[in-house]
Protein chains: 2
Amino acid sequence: MLGLLKALPFFAAGREPEDLLTVSTDRKPSRIQMRNRRRILDAALEVFSQHGYRGATLDQIAESAGLSKPNILYYFEGKEEIHITLLNQLMETWLDPLVTLDPQGDPLTEILNYVHRKLDMAHEFPRESRLFAGEILQGAPRMAPHLQAGLQPLFDEKCDVIQKWMDAGHLNSVDPRHLIFSIWATTQHYADFAAQVRVLLHDDPGAQAGAAEYLTALFTRLLKP
Amino acid sequence: MLGLLKALPFFAAGREPEDLLTVSTDRKPSRIQMRNRRRILDAALEVFSQHGYRGATLDQIAESAGLSKPNILYYFEGKEEIHITLLNQLMETWLDPLVTLDPQGDPLTEILNYVHRKLDMAHEFPRESRLFAGEILQGAPRMAPHLQAGLQPLFDEKCDVIQKWMDAGHLNSVDPRHLIFSIWATTQHYADFAAQVRVLLHDDPGAQAGAAEYLTALFTRLLKP
DNA sequence: TCGTAGCTTTACCAAATGGTAAAATTTCTT
DNA sequence: AAGAAATTTTACCATTTGGTAAAGCTACGA
């Protein structure tokens, strides 16, 4: 068997024109495929976020997924494709809070909501946050195009929205770009540097609430006109 | 030759009591040793900060240092020791700005100075920042003890200082722990997420100054009573 | 200038790792 | 139930990687 790699449309990279038989298998993924691809991606998220791309091994992913290594390579072309798939999936979720920042809403409320959504995500999806952080930390070798194509237009658009709010006097004027950076930095810090935070806060159970309260004060004071 | 591993005191782990001859070589490192150790550590900083611990190879470090791999293992016991040495050296530099935060100084000035020193370091030592970030990101496997022993007491001490400033009414009251986190997060962001910042700012040459101005506003507004 | 300690190179090795071929098994369709 | 298709397993393999042994070279003090 050739495996389903060439058969599934989302794997398409260089189609073989002569291989017409595979066209017949272009149907939607079976239940088994869905389940196993999900398992693999979840396992990979765990392993990649903990050890980084090069530190993660297919054997670890396989074990964590409860599948054999060749079985994993039946569903994905290789290690890199798993990583890229993960990154692509993540991108959407990750940008969603910024997408929903509403130009029609109350400026300060919108921004504080954004802060809190990002903070919630740091607590709810720390593995995703760390995967992302690891990729950027190493120079975004597998994600630079996505930053350009996906993040940049959105970033510019929302900077404009915020700038207009400031020009209209609804918010104190600061550089919107650095404002967004500081929101990302402060919220993701709780996921990305969790090991440090845990030590310094002695596992304080009120930490999450404390962070929310602090960040509310920080950005409210900055932005109130 | 046994190499100098057992001979240099700073490598001491499990001394062999019978090996008395090595005592005679307990003198200070030669010029060659200094030079090569420095070269190796500099190369290792470059490689580790770019690829992470497991992603870095001794061959890469060797090539970057202009030495052969066995030659590198003449100066260090192994990959891990290089990494740990780097981390230990870094720790001091990294904490220095916090150490010099002066309880006798003007509160707001002291904190803004701290912010600017950290921001300068992010621009001057991005590799060090990323090395540190990578280690924490992966759960600080080789640094947890240092966090406990080195960072924690300092952190607690400076939190007390800041808390007293707030209690005395010299600063607006917020949780000092989260304040420090947010200073770390916002300043180190420019080093750790440089790949992202570069894309989103279109290599704007005024970025550094813009960041400084923004962070000044951010923390001034937060902390002015 | 000669011997020795310090340094470097050459030639390896065992384990780990990403990946493949193909047989064996399960599942689906008719 | 039979045959085909999809899935999984077994048995490999080539490369990379951290590390070692030991020979060879260099520099320096006596």
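Both backbone and side-chain heavy atoms feed into the values below; hydrogens, waters and symmetry mates do not. Residue numbers begin at 1 in each chain, while the letters A, B, ... track the order of the sequences.
- One N or O on the side chain of Thr186(A) and one on the backbone of Ser182(A) form a donor-acceptor pair closer than 3.5 Å.
- Of the inter-residue distances, the one linking Phe132(B) atom CZ with Met143(B) atom CE reads 4.0 Å to the nearest 0.5 angstrom.
- Where Pro70(A) and Arg54(A) each meet DNA chain D at their nearest nucleotide, the meeting point lying more 5' is that of Pro70(A).
- Look at Gln33(B) and you won't find any side-chain N or O under 4.0 angstrom from OP1 or OP2 of dG6(C).
- Between the CG atom of Leu67(A) and the P atom of dT8(D) there is a distance of 7 Å, rounded to whole Å.
- The nucleotide whose nearest atom lies closest to any side-chain atom of Lys79(B) is, among dG18(D), dT7(D), dG18(C), dG18(D).
- The side chain of Asn36(B) contributes no N or O atom lying less than 4.0 Å from OP1 or OP2 of dG6(C).
- Interface remark: the Lys69(A) side chain does form a donor-acceptor pair with the dG18(C) base, using a distance-only criterion of under 3.5 Å.
- For the pair Glu110(B) and Asp102(B), the tightest heavy-atom approach, listed with the atom from each and the gap, is OE1-N, 2.9 Å.
- In this entry the distance linking CG of Leu73(A) with P of dT17(C) reads 14 Å, nearest Å.
- Phosphate contact (OP1/OP2 of dT8(C), side-chain N/O of Ser68(B), threshold under 4.0 Å): absent.
- Among the heavy atoms of the strands lying under 4.0 Å from Ala56(A) are primed sugar atoms or P, OP1, OP2 only; no base atom is included.
- Rounded to whole angstrom, the span from the CZ atom of Arg39(B) across to the C1' atom of dC7(C) amounts to 13 Å.
- Whole-Å rounding puts the Asp59(A) CG to dG18(C) C1' distance at 9 Å.
- In this structure, Lys79(B) is positioned above the aromatic face of Tyr53(B), its NZ or CZ under 6.0 Å from the six-membered ring centre and within 45° of the axis.
- Nucleic acid contact class of Thr57(A) (heavy atoms, under 4.0 Å, all strands): sugar-phosphate only.
- When rounded to the nearest whole Å, the span between CD of Gln60(A) and P of dG19(C) equals 15 Å.
- Here dC25(D) presents its C1' atom at 12 Å from CG of Asn71(B), a figure rounded to the nearest Å.
- For Tyr75(A), a side-chain nitrogen or oxygen approaches OP1 or OP2 of dT8(D) to under 4.0 Å.
- Atoms CD (Glu63(A)) and P (dA16(C)) sit 14 Å apart, rounded to a whole Å.
- Counted by atom type alone, Arg37(A) and Thr85(A) present zero donor-acceptor pairs between their side chains at under 3.5 Å.
- The interatomic distance linking Ile61(B) (CD1) with dT17(D) (C1') rounds to 12 Å, in whole Å.
- An OP1 or OP2 oxygen of dT8(C) is reached within less than 4.0 angstrom by no side-chain nitrogen or oxygen of Tyr74(B).
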